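Step one of this worksheet: look at the structure below.
Computed from a predicted model, the values in this text were never measured in an experiment. In the text below, chain A, chain B and the rest are named by the order of the sequence lines, each starting its count at 1.
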Amino acid sequence: MPKVSKKDVEYVAKLARLRLSETEKKAHAEQLNKILGYMDKLNQLDTSNIKPTSHVVEMQNVFREDVAKPSIPVDSALQNAPDKKDNFFRVPKVIDA
Amino acid sequence: MKLHTLSAHELAKLLIGREVSSEELTKKLYGHIEKTDGEIGAYITLTKDIAIEQAKKADKRIKEKRDIGQLTGIPIAIKDNMCIKGVLTTCGSKMLGNFVSPYNATVINKLRENGLVFLGKTNMDEFAMGSSTETSYFKVTGNPWNTNFIPGGSSGGSAAAVASDQAILSIGSDTGGSIRQPASHCGIVGMKPTYGRVSRYGLVAFASSLDQIGPLTKDVQDCAALLEVISGYDPIDSTSLRMTSPDYMSFLNKDIKDIKIGVPKEYFIDGIDKDVELSVKRAIEKLESLGANIEEVSLPHTEYAVATYYIIAPAEASSNLARYDGVKYGYRAKMESADKGLLGMYENTKKEGFGMEVKRRIMLGTHTLSSGYYDAYYLKAQKVRTLIKQDFDNAFKKFDLLVTPTSPTPAFKMGEKIDDPLQMYLSDIFTIPTNLAGLPAISIPCGVSKNGLPIGLQLIGNYFDEGRILQAAHAFEQSTNFHRKKAL
């Protein structure tokens, strides 16, 4: 049985906020199954007593002093905005009336 | 004199001696780029105005004998995922096709302070996801040795620019081999330093626990000089190493007598190209003849590295790329009447802004992180990552360095693997393990295949031991002629 159905692809695409065409859904299902099938290799290894590595350099939380420093000016932060008004990013309506 | 064909250290002598000006050199390079880049396609953006201004400033510094570094006045190409203030940073994607950086990456500031000259931004796989530079939204890049072949990836533009003498130096980024593999395929030197050695501030994030910036150069001495310029602690990158960088140049011109080099047997597998195997074996004999102690070693979890990487890297990428939502910068989809609302805008922006490979990795990463699959994939991969790291830790108890091929084959033909993602992923098999472990590694030229394509040798070092890698790489290079072979 395939690991990923068309329905799974639709669910994951929704989580990723990615709209897919019907052809893309089919292609993704096919390729994800092939790739995830290859990942099964990892199950050959017993890892029950192994700690996970999320980061190779041992580091605790890295803090800096809580002092305000200069940041990017508002007009530079807005220079790449697809849509803006005054000092704000403008987006489509969020809540339906 | 063909100035553009010289190395940075050769040119530095001419600049300091004021036999040549940086402005003259920079203009020569643009002349060469104009002639050749139509066929190669190494650059996405040329920054000629900035470069000429920087070159003039460098000439002034040299004239006044003020703040002269080893690379002052040397022209460099920058991979298009590093931010230069006021310049496009596209990341090879339609999503960032119009993005003008509002700030400089830390590496860019370091290069500026040292008086280097920015020629332009180089082509790359979209968001650095690829091994051939074919997933770029903008163009393909030809391998300068034979343009029917790929230059490697994802830093393919950077490697091709240096190999075709369209840049004296370049910088790239390496998440699973993206500096070393293109360096190998283009017959130049490429190094991924220890994770955290070079600041990632201002590098567009792909997989944050793996990404590392490094040099692509014509020879090992240039690599050492450029690494010295770009490395060092950066308080605005929280994963930056809190240690001072050694004087890398001091490791050059030393012999390698009694250095212990391990040859991991798992890197000489079925499916490795015969020319690659032969060249690498000869290179190992050369290292032995130079006095190194060579012995076989086992890294038993090597075969699990690709599967581990293609769970971890896409998982991190799916999180990092969530920011491209059409709100603050980058592409935003035009709204159709049926698609009003914020959610529709997000979904269409990602649909139209990302290419197929990026979407595939977002899907893969979102799936392996999703509820019910996290333990089976992501956590499992993190545990296997521990085993892969332990393999190296054990090997470095006994050895100073490890030697392997950089890639199992020379460059492949354009289009050969683009429709088969898994085959493409497997081409990174020898470079991925060091990213998972965070270790430094270099690729240097060690041969040419029967069909005339370069072959690379990889030297892997222990954490923070870039110096010893450079020492052995330089000793090998100085006793061979592979680095003098030119593509054009």
Side-chain angles (χ1 to χ4, degrees), chain A residues 3-4 8-9 11-21 24 27-29 31-32 34-45 47-57 59 61-64 69 72-73 75-84 89-96, chain B residues 98-100 102-103 195-196 209 235 238-239 241 301 303-304 306-308 310-311 318 322 325-332 335 340-348 350-351 354 356 359-360 362-364 366-367 370 377 379-387 389 421-422 425 436-438 463:
Chain A
K3 290 169 176 292
V4 180
D8 295 326
V9 166
Y11 171 70
V12 172
K14 194 173 160 235
L15 290 178
R17 300 283 182 263
L18 196 58
R19 187 159 300 187
L20 300 177
S21 68
E24 279 181 313
H28 277 294
Q31 284 165 353
L32 287 180
K34 203 171 160 195
I35 296 164
L36 292 169
Y38 177 75
M39 308 302 188
D40 278 347
K41 218 176 153 58
L42 299 185
N43 296 326
Q44 297 165 5
L45 296 168
T47 50
S48 43
N49 294 315
I50 307 292
K51 279 190 185 162
T53 297
S54 59
H55 218 272
V56 285
V57 182
M59 257 178 210
N61 285 336
V62 178
F63 295 114
R64 63 163 173 82
K69 284 187 183 168
I72 290 177
D75 55 340
S76 311
L78 286 166
Q79 85 188 18
N80 285 293
D83 195 5
K84 60 189 165 189
F89 297 107
R90 191 150 80 172
V91 295
K93 199 154 102 181
V94 180
I95 304 164
D96 278 323
Chain B
N98 60 0
F99 176 72
V100 177
Y103 61 90
Y195 179 83
S209 83
S238 62
T239 58
L241 291 171
H301 298 95
E303 64 169 302
Y304 302 101
V306 172
T308 304
Y310 279 97
I311 293 172
S318 73
D325 58 4
V327 174
K328 295 183 285 301
Y329 48 80
Y331 180 79
R332 177 188 284 194
M335 298 302 289
K340 283 191 179 137
L342 189 62
L343 198 62
M345 191 278 280
Y346 288 158
E347 290 184 339
N348 280 321
K350 288 171 190 281
K351 175 191 166 81
F354 288 136
M356 188 60 188
K359 287 180 188 172
R360 184 179 302 128
I362 290 173
M363 291 293 289
L364 187 56
T366 307
H367 178 71
S370 67
Y377 291 113
L379 190 64
K380 182 79 184 180
Q382 286 190 316
K383 288 179 171 182
V384 181
R385 187 176 186 181
T386 305
L387 295 172
K389 184 178 184 298
L422 193 55
Y425 297 170
L436 290 169
Y463 296 100

Backbone N/O of Val100(B) and side chain of Asn80(A): donor-acceptor pair under 3.5 Å: yes
Side chain / backbone / both / neither for Ile72(A) at chain B, heavy atoms under 4.5 Å: side chain
Name all residues meeting the side-chain hydrogen bond (donor to acceptor under 3.5 Å, both in side chains) criterion together with Thr386(B); count only those two or more places apart in sequence or in a different chain, and write none if there are none. Thr53(A)
Could you look at Val91(A) and say if it's the side chain, the backbone, both or neither that has a heavy atom under 4.5 Å from chain B? both
Sequence neighbours excluded, which residues qualify as salt bridge (charged side-chain N to carboxylate O under 4.0 Å, His left out) partners of Lys328(B)? none
Which residue out of Val62(A), Leu18(A), Asp83(A) racks up the most heavy-atom pairs below 4.5 Å with chain B? Leu18(A)
Test log, rule side-chain contact (heavy atoms from CB on, under 4.5 Å), inputs Leu42(A) and Lys383(B): CA-CA 10 Å; Leu42(A) 299 185; Lys383(B) 288 179 171 182; over 6 Å; no
Tell me the closest heavy-atom pair linking Met363(B) and Val12(A), and the distance in Å. O-CG1, 3.5 Å
Which atom names give the shortest non-hydrogen contact between Thr239(B) and His55(A), and what distance separates them? CG2-NE2, 3.6 Å
Taking atom NZ as the centre, does Lys14(A) end up with more than 12 heavy-atom neighbours from other residues, nucleotides or ligands that are less than 6.0 angstrom away? no
Heavy-atom cut-off 4.5 Å, strictly under: side chain, backbone, both or neither for Arg64(A) against chain B? neither
Contacting moiety of Asn61(A), where chain B heavy atoms sit under 4.5 Å: neither
For Pro82(A) and Tyr329(B) the tightest heavy-atom approach is CD-N, 4.0 Å
Quick check on Ala322(B) against chain A: is it the side chain, the backbone, both or neither that has a heavy atom closer than 4.5 Å? neither
Please evaluate residues Lys350(B) and Arg19(A) with respect to the criterion side-chain contact (heavy atoms from CB on, under 4.5 Å), reporting the C-alpha separation (whole Å), side-chain torsions for both, the decisive distance (0.1 Å), and the verdict. CA-CA 7 Å; Lys350(B) 288 171 190 281; Arg19(A) 187 159 300 187; over 6 Å; no
Checking heavy atoms, do the side chain of Val9(A), its backbone, both or neither come under 4.5 Å from chain B? both
Checking His367(B) against Val4(A) for the side-chain contact (heavy atoms from CB on, under 4.5 Å) test, could you report, in this order, the C-alpha distance in whole Å, the side-chain angles of both residues, the deciding distance, and whether it holds? CA-CA 9 Å; His367(B) 178 71; Val4(A) 180; 4.1 Å; yes
By a 4.5 Å heavy-atom criterion (distance strictly below it), what part of Tyr346(B) contacts chain A: side chain, backbone, both, or neither? both
Are Lys41(A) and Val306(B) close enough, and set up right, to give a side-chain contact (heavy atoms from CB on, under 4.5 Å), and what steps lead you there? CA-CA 10 Å; Lys41(A) 218 176 153 58; Val306(B) 172; over 6 Å; no
